[in-house]
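Notes for the one structure printed next.
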Amino acid sequence: QVQLVESGGGLVQAGGSLRLSCAPSGRTISPYTMGWFRQAPGKEREFVGLISWSVDSLKYADSVKDRFTISRDNAKNTVYLQMNSLKPEDTAVYYCAADSRGSADLRKVNYAMTYWGKGLLVTVSP
């Protein structure tokens, strides 16, 4: 019922930048907490970061802190993941996710978001 569509991925060389976008297809998700996750080949899904609807809560994984920035444009109902100084280990399928719960409650369940996009491949070459 809540469908999320990621865009902006692709191939980039190490040290480069890329911006991912996530927008709903169908019902609005404007009041939702939004998150980004990724799954590298042979690895489990891992948390990247999240942003609350009012942007009063921003969280990042240590592995991307100071390199990635999450933002959102509620007028466009879109959330972004700006990725700078990309490393080969950032190569993964990136997923956008949404949840009606707040960041504190989501942290208690290890960010088990309710709604997920289909994922978008980001490849960082050496």
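Counting heavy-atom neighbours within 6.0 Å of Gln82 CD, excluding the residue itself, gives a total above 12.
The CZ atom of Arg72 sits 7.0 Å away from the OG1 atom of Thr33 when rounded to the nearest 0.5 Å. Here NZ of Lys118 is found 14.0 Å from SG of Cys96. Values are rounded to the nearest 0.5 Å. Asp99 contributes atom CG, which lies 13.0 Å from atom OG of Ser52 (distance to the nearest 0.5 angstrom). Distance OH/Tyr80 to CD1/Ile70: 13.5 Å, rounded to 0.5 Å. If you take CZ on Arg107 and OG on Ser57, they are separated by 7.0 Å, rounding to the nearest 0.5 Å. Cys22 SG to Trp116 CH2: the interatomic distance, rounded to the nearest 0.5 Å, is 11.0 Å.
Taking the charged nitrogens against the carboxylate oxygens, Asp90 and Lys87 have no contact shorter than 4.0 Å, which rules out a salt bridge. In this structure, Arg38 pairs ionically with Glu46, as a charged nitrogen and a carboxylate oxygen lie closer than 4.0 Å.
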For this session: Please report the C-alpha distance between Glu6 and Leu20 in whole Å, then the side-chain angles of each, then the deciding distance to 0.1 Å, and finally whether the side chain to side chain contact (heavy atoms under 4.5 Å, CB included) criterion is met.
Result: CA-CA 7 Å; Glu6 303 98 337; Leu20 306 184; over 6 Å; no
For this session: Give the C-alpha distance, both sets of side-chain angles, the deciding distance and a yes or no for side chain to side chain contact (heavy atoms under 4.5 Å, CB included) between Thr114 and Arg101.
Result: CA-CA 9 Å; Thr114 301; Arg101 292 170 289 180; 3.9 Å; yes
Exercise. Checking ring-ring contact (aromatic ring centres under 6.0 Å, His included) for the pair Phe68/Trp36: CA distance, chi angles, key distance, verdict?
Worked result: CA-CA 11 Å; Phe68 291 10; Trp36 287 98; 9.9 Å; no
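Listed by first and then second residue, the ring pair (Phe, Tyr, Trp, His ring centres under 6.0 Å) pairs that reach into residues 91-113 are Phe47-Tyr111, sequence neighbours excluded.
Follow the hydrophobic side-chain contacts under 4.5 Å out from Val48 and you reach Leu4 in the same cluster. In the hydrophobic cluster analysis, where Ile, Leu, Val, Met, Phe, Trp and Tyr join through side-chain heavy atoms closer than 4.5 angstrom, Leu86 is grouped apart from Val93. Under the 4.5 Å side-chain heavy-atom criterion for Ile, Leu, Val, Met, Phe, Trp and Tyr, Phe37 and Leu50 are members of the same hydrophobic cluster. Cluster annotation: Leu81 and Val55 are assigned to the same hydrophobic cluster (Ile/Leu/Val/Met/Phe/Trp/Tyr, side-chain heavy-atom contacts under 4.5 Å, transitive). Val122 and Tyr60 fall within the same hydrophobic cluster, defined by Ile, Leu, Val, Met, Phe, Trp and Tyr side-chain heavy atoms under 4.5 Å apart, directly or through other members.
Counted by atom type alone, Asp73 and Thr78 present zero donor-acceptor pairs between their side chains at under 3.5 Å.
Across Ser17 and Asn84, no two heavy atoms sit closer than the pair OG-OD1, 2.9 Å. Minimum heavy-atom separation, Val5 to Ser25: CG2-CB, 3.9 Å. Considering all non-hydrogen atoms of both residues, Pro126 and Ala14 come closest at C-CB, 4.2 Å. Taking all atoms of both residues into account, the shortest heavy-atom contact from Glu44 to Gln39 is C-CG, 4.0 Å. Residues Met113 and Met34 approach most closely at CE-C, 4.1 Å, considering heavy atoms.
For Thr91 (side chain) and Val124 (main-chain N/O), a donor-acceptor pair under 3.5 Å exists by modelled atom type.
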